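Read the structure below first, then the notes.
Computed from a predicted model, the values in this text were never measured in an experiment.
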Amino acid sequence: MELNDSNKRALALGAVAAAGLYARSKYIDGCKVNIVNPGKDESAVVGKTENGTQLAVHDVLYKDCPSLTDQSEAYMVPTPYLFTGLLQMFFAAANVKRRDSGSDIEYERELLTMQDGGTISLDWYPGKNPLAGDEKRPVVIMLCGAGGSSQEYFIRTLAKSLAHSTLKFRVAVFNHRGTSMTPLTSPRPYDMGFTGDIREAVNTLRKRTDSDAKLFGIGFSMGANIMTKYVGEEGDS
C-alpha cells in the first residue's frame with residue numbers, strides 16, 4: 001500500500017518522537033548517582049516529633065528530599081539549556097533581583113568584627129534572636145560563592161525553605177568581607193583558602209546559642225570550598 005504525504009509526515013513525526021523519548025531515557029539514566037548514606041542510626045538528632053520521638057536529619061531528608069536517601073531516587077538531572085558553568089552564572093546574575101512567594105524575605109543584619117579588624121555580616125532569617133520556645137531550633141550558616149551574597153535568588157529561596165521546613169531552621173547567611181554592602185575595614189580581603197572568618201563566626205554563634213541547638217553549614221561554590229577546608233581543620237572539635 002502506497003503511503004500518502006500525510007501518512008509519511010505522521011510516520012516521520014512518530015520516529016522523531018520515539019528517538020526523542022529514547023534519548024531522554026538514556027540522558028536520565030546517565031544522570032543517576034551513587035549516594036553515601038550512613039543510615040538513621042548515625043544521623044544527628046536535631047529535635048523531636050509531635051509525639052515526642054527523636055527527629056534525626058535522616059528522617060527529614062527521607063521525607064523532604066528522598067534523592068539523598070533512596071538510591072532508586074538518586075538522580076542529578078542538569079537543566080538542559082544551562083549545560084555550562086558560564087551559562088549558569090549568567091542565569092543566576094539575571095535572576096538576582098527576582099522576587100516571588102518562595103524568595104520574598106527580609107533579613108535582619110548583624111555585623112561581626114574579626115580579630116584583625118575586618119568585618120563580615122550575617123543576614124538572619126527570620127531574625128537574629130530566637131522567639132520564645134525556639135531556642136533549641138537548629139541553626140544553619142550558609143556561605144556564598146565568590147562575589148555572591150545573601151541577596152541571590154537561590155540563597156533567599158533556600159533560606160525561606162529551611163526556615164519553614166520540618167525543623168524550622170534559623171538561617172544565618174554569611175557575607176564575606178566587602179560583599180553585600182558589608183564594610184571593608186581591613187587591608188585583607190576574603191579568599192577561597194581563608195577560614196579565619198568562618199571560624200570566628202562559628203565560635204561566636206556557639207557561645208550564644210543553646211547548647212542543644214545543632215549547628216549546620218551549607219556552602220556554594222567557593223563557599224563550599226571554605227566550609228570543607230574549615231571542617232577538615234577543625235576535625236572532631
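A heavy-atom distance below 4.5 Å is not found between the side chains of R170 and K128. Residues I218 and I141 are not in side-chain contact: their nearest non-hydrogen atoms beyond the backbone lie 4.5 Å or more apart. With a 4.5 Å cut-off on side-chain heavy atoms, Y230 and V202 count as touching. Using a 4.5 Å cut-off on side-chain heavy atoms (C-beta onward), M142 and V171 make contact. In this structure the side chain of L112 never reaches within 4.5 angstrom of the side chain of S121, judged on heavy atoms.
A salt bridge is defined here as a Lys NZ or Arg NE, NH1 or NH2 lying under 4.0 Å from an Asp or Glu carboxylate O, and D197 with R177 meets this definition. For the pair R156 and E152, the salt-bridge criterion is not met [side-chain N within less than 4.0 Å of a carboxylate O]. Between K136 and D134 there is no salt bridge, since no side-chain nitrogen of the basic residue lies less than 4.0 Å from a carboxylate oxygen of the acidic one. Between E110 and R208 a salt bridge is recorded (basic side-chain N to carboxylate O distance below 4.0 Å).
E233 and T195 share a donor-acceptor pair across their side chains, judged by distance under 3.5 Å alone.
Between N95 and Y153, the shortest heavy-atom contact is O-CB, 3.1 Å. Between S150 and Y107 the shortest heavy-atom distance is O-OH, 2.7 Å. Contact detail for C144 and I155: the closest heavy-atom pair is SG-CD1, 4.1 Å.
A donor-acceptor pair under 3.5 Å links the side-chain atoms of E135 to the main chain of G133, judged by distance alone. Listed for the T182 side chain is no donor-acceptor partner under 3.5 Å among the backbone atoms of G178. S149 places a side-chain N or O within donor-acceptor distance of the main-chain N or O of Q151, the cut-off being under 3.5 Å. Side-chain atoms of N175 never come within 3.5 Å of backbone atoms of S180 as a donor-acceptor pair (strictly under, hydrogens ignored). With hydrogens and angles ignored, the 3.5 Å screen pairs no side-chain donor or acceptor of E108 with any backbone N or O of Y125. A donor-acceptor contact shorter than 3.5 Å links the side chain of Q88 to the backbone of L82. Looking at K229, its side chain never comes within 3.5 Å of a backbone N or O of M192 through a donor-acceptor pair.
Residue L184 is not grouped with residue I120 when hydrophobic side chains (ILVMFWY) are merged at heavy-atom distances under 4.5 angstrom, including chains of intermediate members. V139 and F169 fall into different hydrophobic clusters, where Ile, Leu, Val, Met, Phe, Trp and Tyr are joined by side-chain heavy atoms under 4.5 Å apart, directly or via other members. Tracing side-chain contacts under 4.5 Å through hydrophobic residues (I, L, V, M, F, W, Y), one never reaches Y190 starting from L111; they form parts of separate clusters. Under a hydrophobic-cluster definition in which Ile, Leu, Val, Met, Phe, Trp and Tyr are linked whenever side-chain heavy atoms come within less than 4.5 Å, directly or via other members, V140 and L167 are assigned to the same cluster. By the rule that hydrophobic residues join a cluster once side-chain heavy atoms approach within less than 4.5 Å of another member, L158 and V173 end up as members of one cluster.
Rounding to the nearest 0.5 Å gives a distance of 8.5 Å between CZ of R109 and CE of M181. In this structure, the separation between CE on M114 and OG1 on T204 is 6.0 Å, given to the nearest 0.5 Å. The distance from the OG1 atom of T79 to the CG atom of L87 is 11.0 Å, given to the nearest 0.5 Å. Taking CZ of F220 as the reference point, atom CZ of F154 lies at 5.5 Å (rounded to 0.5 Å). F174 CZ to M227 CE: the interatomic distance, rounded to the nearest 0.5 Å, is 9.0 Å. To the nearest 0.5 Å, atom NZ of residue K214 and atom OG1 of residue T209 are 11.5 Å apart.
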Query raised in the report: Where do S103 and D100 land on the side-chain hydrogen bond (donor to acceptor under 3.5 Å, both in side chains) test, with the steps shown first?
Result: CA-CA 5 Å; S103 66; D100 53 31; 3.0 Å; yes
Query - Full working for side-chain hydrogen bond (donor to acceptor under 3.5 Å, both in side chains) between T119 and T185 - result: CA-CA 6 Å; T119 302; T185 58; 2.8 Å; yes
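Checking R99, K97, R98 one by one against D104, the salt bridge (Lys or Arg N to Asp or Glu O under 4.0 Å) holds for a single residue, R99.
Atom CE of M89 has more than 12 heavy atoms from other residues, nucleotides or ligands within 6.0 Å. With a 6.0 Å radius and a threshold of 12 heavy atoms from other residues, nucleotides or ligands, K32 has its NZ atom above the threshold.
Geometrically, R188 engages F194 in a cation-pi contact defined by less than 6.0 Å to the ring centre and at most 45° from the axis.
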